[in-house]
K.L.:
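This is the structure I have questions about; it appears just below.
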Amino acid sequence: MNWLAGRVLENRHWTETLFSLRVENAPLRYQAGQFVRIALDIGGQRVARAFSLVNPPQDPVLEFYGVVVPEGPLSPRLAKLKAGDALQVASNPAGFLVLPELPDAQTLWLLSTGTGLAPFLSILRTPEPYRRFREIVLVHAVRHARELVYRDMIGKLKVRYVTFVSREPHAGSLAGRIPAAIDDGRLEAAAGVALSPETSRVMLCGNPHMLKDASAALQSRGLRKHRRRAPGHIVLESFW
Ligand SMILES: Cc1cc2nc3c(=O)[nH]c(=O)nc-3n(C[C@H](O)[C@H](O)[C@H](O)COP(=O)(O)OP(=O)(O)OC[C@H]3O[C@@H](n4cnc5c(N)ncnc54)[C@H](O)[C@@H]3O)c2cc1C
Ligand SMILES: NC(=O)c1ccc[n+]([C@@H]2O[C@H](COP(=O)([O-])OP(=O)(O)OC[C@H]3O[C@@H](n4cnc5c(N)ncnc54)[C@H](OP(=O)(O)O)[C@@H]3O)[C@@H](O)[C@H]2O)c1
C-alpha cells in the first residue's frame, strides 16, 4: 500500500470527545461516501484505521470527523493532533456507500448515528443527490444534543434534517432510536414524507447495532438490501 504524507491544517474540537481534522498535502481520487485509511506511527508501528471523507471529492483539503474511543489505540491520538503535525493517508479510498450503487427513486433517506454522519456530508455537497431525488432526508442520531455537529453546514443544504437525541430531552429532536421511530411512524411524521419501497432508497451508516435493527425495521416495511445483481433499496456501512 502507498501512503501519502498529509499535514494537519486544523483540528476542530466540537466537544471533549468529538473532533474534525482537516488535512492537506494528500491528493486523493474517490467517490463521495467513500472512506480511506489514515495512520500514525506509534512506538515504531504504523497504526491505521478507516475514516470516511467528509469533504466532497472536488475539495483538495481532506476532512475527517472522529470520536475519541478512550481505550482505542488511534482515535485518542488523532484527537490530540495539532496544525502542522503529520498524518499518513492511504492512497486507495474504497467503499460502496456511494450513490451510483442505488437505483433512482423519489426520496433519499440518509440515516446515521454518531460519526456515521461523515460520509453523508460529502455526498450532500455534490450535485448528484439533488439531480436524482426529489426529496432528501438527513437523519442524525446522537446521545446528547451537543453532539449534533455541522449544523451550520447542514442548514445550507436542501434537505429535510431530522435529529434524535437519546439520552436527554431536547426540543426539536426526536427521543429514542431510529428503528423504533421507523416502526411507529414517528420518523416519517417528522420528515413529512412517506417511507416505502416504491418511493424510497435508504443509506445507513454508523453503529452496527443501529444498522441491524434499522435494516430489520425497513425490511418489515418491504425494503430490502440492494445488490448489483438484485436491485433493492438499502445500502449500508458499519463503522465497527
Ligand atoms: C468503513 C469505515 C469507516 C469509518 N469511518 C469513521 C469515521 O468517519 N469517523 C470515526 O470516528 N470512525 C470511523 N470508523 C471507525 C474507525 O476506523 C476507528 O475504529 C475509530 O476511530 C476508533 O479507532 P481506535 O483505534 O481508537 O479504536 P478501535 O480499536 O478501532 O475501536 C474500538 C471500539 O470503539 C468503538 N468504535 C469504533 N469506532 C467508533 C465510532 N466511530 N463511533 C463510536 N464507537 C466507535 C467500537 O466499539 C470498537 O470496537 C470507520 C470504520 C470503518 C470500518
Ligand atoms: N457520545 C459520548 O458522549 C461519548 C463520550 C465518551 C466516549 N465515547 C465513545 O464513543 C463510543 C460511542 O459513541 P457515540 O455516542 O458517537 O455512538 P453510539 O453509541 O453509536 O450512539 C449514537 C446513537 O446511536 C444510538 N444507538 C445505539 N445503538 C442503537 C441501536 N441498536 N439502534 C438504533 N440506535 C442505536 C444511540 O442511542 P442510545 O443512547 O439509546 O444507545 C445514540 O443515539 C463509546 O463507545 C465511547 O467509546 C462517546
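All of these numbers come straight from a predicted model, not from anything done at the bench. Computed over heavy atoms, backbone and side chain alike; hydrogens, waters and symmetry mates excluded.
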K.L.:
If you look at every heavy atom in Val142 and His144, which pair is closest and at what distance?
P.N.:
CG2-O, 3.2 Å
K.L.:
For Tyr150, is the OH atom crowded, meaning more than 12 foreign heavy atoms sit under 6.0 Å from it?
P.N.:
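Counting neighbours around OH of Tyr150, more than 12 heavy atoms of other residues, nucleotides or ligands fall under 6.0 Å, so yes.
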K.L.:
Ion pair present between Arg143 and Glu168, side-chain N to carboxylate O less than 4.0 angstrom?
P.N.:
no
K.L.:
Is the shortest side-chain N to carboxylate O distance from Arg167 to Glu147 below 4.0 Å?
P.N.:
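Answer for the salt bridge query: no.
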K.L.:
So among Arg22, Arg12, Arg125, which one has a salt bridge (Lys or Arg N to Asp or Glu O under 4.0 Å) with Glu63?
P.N.:
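The salt bridge (Lys or Arg N to Asp or Glu O under 4.0 Å) with Glu63 is passed solely by Arg22 among Arg22, Arg12, Arg125.
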K.L.:
The test is side chain to side chain contact (heavy atoms under 4.5 Å, CB included); show your working for Leu195 and Leu218 and say whether it passes.
P.N.:
CA-CA 9 Å; Leu195 178 53; Leu218 292 168; 3.8 Å; yes
K.L.:
Only pairs under 3.5 Å count here: list side-chain donor-acceptor contacts from residues 109-122, not counting sequence neighbours, and write none if there are none.
P.N.:
unit_1 : atom_1 : unit_2 : atom_2 : d
Trp109 : NE1    : Ser200 : OG     : 3.1
Ser112 : OG     : Val139 : O      : 2.8
Thr113 : OG1    : Asn207 : N      : 2.9
Ser122 : OG     : Asn55  : O      : 2.8

K.L.:
Distance check, rounded to the nearest 0.5 Å: Ile182 atom CD1 versus Arg177 atom CZ?
P.N.:
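Atom-to-atom, Ile182:CD1 and Arg177:CZ are 13.0 Å apart.
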K.L.:
Using side chain to side chain contact (heavy atoms under 4.5 Å, CB included), reason through Arg49 and Val47 one step at a time and then give a plain yes or no.
P.N.:
CA-CA 7 Å; Arg49 293 287 185 273; Val47 179; 4.0 Å; yes
K.L.:
Any idea which heavy atoms bring Pro197 and His233 closest together, and the distance?
P.N.:
O-CD2, 3.4 Å
K.L.:
Measure the CG-CZ distance between Leu78 and Phe19 for me, rounded to the nearest 0.5 Å.
P.N.:
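Leu78 CG to Phe19 CZ: 5.0 Å, rounded to 0.5 Å.
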K.L.:
To the nearest 0.5 angstrom, please state how far the CE atom of Met203 sits from the CG atom of Leu108.
P.N.:
6.5 Å
K.L.:
Would you give the length of the straight line joining atom OG1 of Thr163 to atom NE2 of His140, rounded to the nearest 0.5 angstrom?
P.N.:
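If we round to the nearest 0.5 Å, Thr163:OG1 and His140:NE2 are 9.5 Å apart.
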K.L.:
Could you point out which residue of Arg227, His226, Arg228 forms a side-chain hydrogen bond (donor to acceptor under 3.5 Å, both in side chains) with Glu101?
P.N.:
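Among Arg227, His226, Arg228, the one that satisfies the side-chain hydrogen bond (donor to acceptor under 3.5 Å, both in side chains) with Glu101 is Arg228.
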K.L.:
Show your reasoning for whether side chain to side chain contact (heavy atoms under 4.5 Å, CB included) applies to Ile154 and Leu148.
P.N.:
CA-CA 10 Å; Ile154 292 167; Leu148 293 172; over 6 Å; no
